[in-house]
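I have placed the structure first, in the form of structure tokens, so that the comments after it can refer back to it.
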Amino acid sequence: MLLKMRINEDILLEGEKVVLVPYNADHVPRYHQWMCSPELQKLTASEPLTLEQEYDMQRCWREDDDKCTFIILDKQKWADPSIPEQECMVGDVNIFLTDPSDPSLAELEIMIAVPCYRGKGLGKEVTRMMMYYGVHKLGIQKFEVKIGLDNKISIAMFKKFHFRELSNSEVFQEVTLGVTVNEALQKHVFGNMDFMLQREYGKARDSRQAPFTPLSL
């Protein structure tokens, strides 16, 4: 099971509004820029890191057997080869195993880092895509999320996805929500997932970067 968590090393997931790609070193400078924001540090319960520490963290998330991470790209921007991939980045999403004795349980984290992209349905689409991927590719059957108590929008979104409150920590000012995958979840949350496509990331990235050759008449 653990090796399955790294199967996204060359996988691209395409939705209607977003493209999910593996987190690689090219993404680190932009990601580091995001995480210098006190607002995002608070929302993600993160400590500020140096750029070098951020590169170390990227290698950790990329190589560890218990983590599966994607960078969220704006699909419309990414469709334009003239826009560098780093400029298409809007956030990240990851699944990581939290209980060595239960590989079917995973914690889910989603961050829409660029403010102008919030409230436009990207978080909902990414949640559906990542949960579907987790269930069908990684064997996840139970998901948990930890959310700051003042992040009412995210709490409401996950409750729409059948998550229920498991615990509430006044000390850490966060709530833990969870859901077990069942037939109702498959039907009402996933529904029709035909919009989600899977491609090879390396080939898609290379074709995007290929130089434009004018048609010779």
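Sequential numbering from 1 along the given sequence is applied to the chain's residues.
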- request: Could you tell me the separation between the SG atom of Cys88 and the CD atom of Gln76, rounded to the nearest 0.5 Å?
  value: 10.5 Å
task: Would you sort out whether Lys75 and Glu14 count as a salt bridge (Lys or Arg N to Asp or Glu O under 4.0 Å), showing the intermediate values?
output: CA-CA 8 Å; Lys75 180 179 176 177; Glu14 183 177 329; 3.1 Å; yes
- request: Spell out, yes or no, whether Leu51 and Trp34 are grouped together once hydrophobic residues are joined by side-chain heavy atoms under 4.5 Å, including indirect joins.
  value: yes
task: Check step by step if side chain to side chain contact (heavy atoms under 4.5 Å, CB included) holds for Ile95 and Tyr133.
output: CA-CA 10 Å; Ile95 289 176; Tyr133 182 80; 5.5 Å; no
query: Roughly how far apart are Asp92 CG and Phe70 CZ, rounded to 0.5 Å?
result: 11.5 Å
query: Who are the salt bridge (Lys or Arg N to Asp or Glu O under 4.0 Å) partners of Glu39, not counting sequence neighbours?
result: Arg118
query: Hey, are the side chains of Ile147 and Phe163 touching, using non-hydrogen atoms and a 4.5 Å cut-off?
result: no
query: With a cut-off of 6.0 Å (strictly less than), are more than 12 heavy atoms of other residues, nucleotides or ligands near CE of Met57?
result: no
message: With a 4.5 Å cut-off on side-chain heavy atoms, are Met129 and Val18 touching?
response: yes
query: Is the number of heavy atoms from other residues, nucleotides or ligands within 6.0 Å of NZ (Lys124) greater than 12?
result: no
message: Measuring from atom CD1 of Ile11 to atom CZ of Arg199, what distance do you get when rounded to the nearest 0.5 angstrom?
response: 13.0 Å
message: Let me confirm one number: the OG1-CZ distance from Thr98 to Phe96, rounded to the nearest 0.5 Å.
response: 7.0 Å
- prompt: Do Glu200 and Asp206 pass the side chain to side chain contact (heavy atoms under 4.5 Å, CB included) test, and can you show the C-alpha distance, the side-chain angles, and the key distance before you say yes or no?
  reply: CA-CA 10 Å; Glu200 289 183 41; Asp206 291 345; over 6 Å; no
task: Consider only side-chain heavy atoms of I, L, V, M, F, W and Y, link residues closer than 4.5 Å, and tell whether Leu108 and Leu149 are in one cluster.
output: yes
Could you go through residues 138-146 and list every donor-acceptor pair under 3.5 Å that involves a side-chain atom there, pairing it with any protein atom two or more places apart or in another chain?
{"residue": "Lys142", "atom": "NZ", "partner": "Asp102", "partner atom": "OD2", "Å": "2.6"}
{"residue": "Lys146", "atom": "NZ", "partner": "Glu107", "partner atom": "OE1", "Å": "3.4"}

Same apolar cluster: Leu105 and Met131, side chain cutoff 4.5 Å: no
field: Minimum side-chain heavy-atom gap Lys77-Val90 below 4.5 Å
entry: no
Donor-acceptor contact below 3.5 Å, side chain Glu125 vs main chain Lys17: yes
statement: Residues Pro29 and Tyr55: closest non-hydrogen pair is CG-OH, 3.6 Å
- prompt: What do the steps show when you test Val189 against Tyr132 for side chain to side chain contact (heavy atoms under 4.5 Å, CB included), and what is the final call?
  reply: CA-CA 9 Å; Val189 175; Tyr132 189 84; over 6 Å; no
query: To the nearest 0.5 Å, how far apart are CE in Met157 and CD1 in Ile155?
result: 11.0 Å
task: Compare all side-chain heavy atoms of Ile83 with those of Arg208 and state whether any distance is below 4.5 angstrom.
output: yes
- request: Evaluate side chain to side chain contact (heavy atoms under 4.5 Å, CB included) for Met193 paired with His136, printing each intermediate quantity in order.
  value: CA-CA 12 Å; Met193 296 295 292; His136 293 278; over 6 Å; no
message: Does any part of the side chain of His27, heavy atoms only, come nearer than 4.5 Å to the side chain of Glu85, both counted from C-beta?
response: yes
message: Around atom CG of Leu197, are there more than 12 heavy atoms from other residues, nucleotides or ligands closer than 6.0 Å?
response: yes
field: Leu97 to Ala106 - nearest heavy-atom pair and separation
entry: CD2-CB, 4.2 Å
message: Check this for me: does any side-chain nitrogen of one of Asp56 and Arg59 sit under 4.0 Å from a carboxylate oxygen of the other?
response: yes
Check: His32/Gln53 side-chain N/O donor and acceptor closer than 3.5 Å: no
query: Would one find more than 12 heavy atoms of other residues, nucleotides or ligands at under 6.0 Å from atom CD of Gln33?
result: no
task: State, with a plain yes or no, whether a side-chain heavy atom of Thr127 is found less than 4.5 Å away from one of Val93.
output: no
message: Over 60° means perpendicular and under 30° means parallel, so tell me whether Tyr23 and Tyr31 are parallel, tilted or perpendicular.
response: tilted
query: Is the shortest heavy-atom distance from the side chain of Leu73 to the side chain of Met89 under 4.5 Å?
result: yes
task: To the nearest 0.5 Å, tell me how far Met130 CE sits from Ile110 CD1.
output: 8.5 Å
field: Atom CZ of Phe195: over 12 foreign heavy atoms under 6.0 Å
entry: yes
message: Does any part of the side chain of Phe190, heavy atoms only, come nearer than 4.5 Å to the side chain of Val135, both counted from C-beta?
response: yes
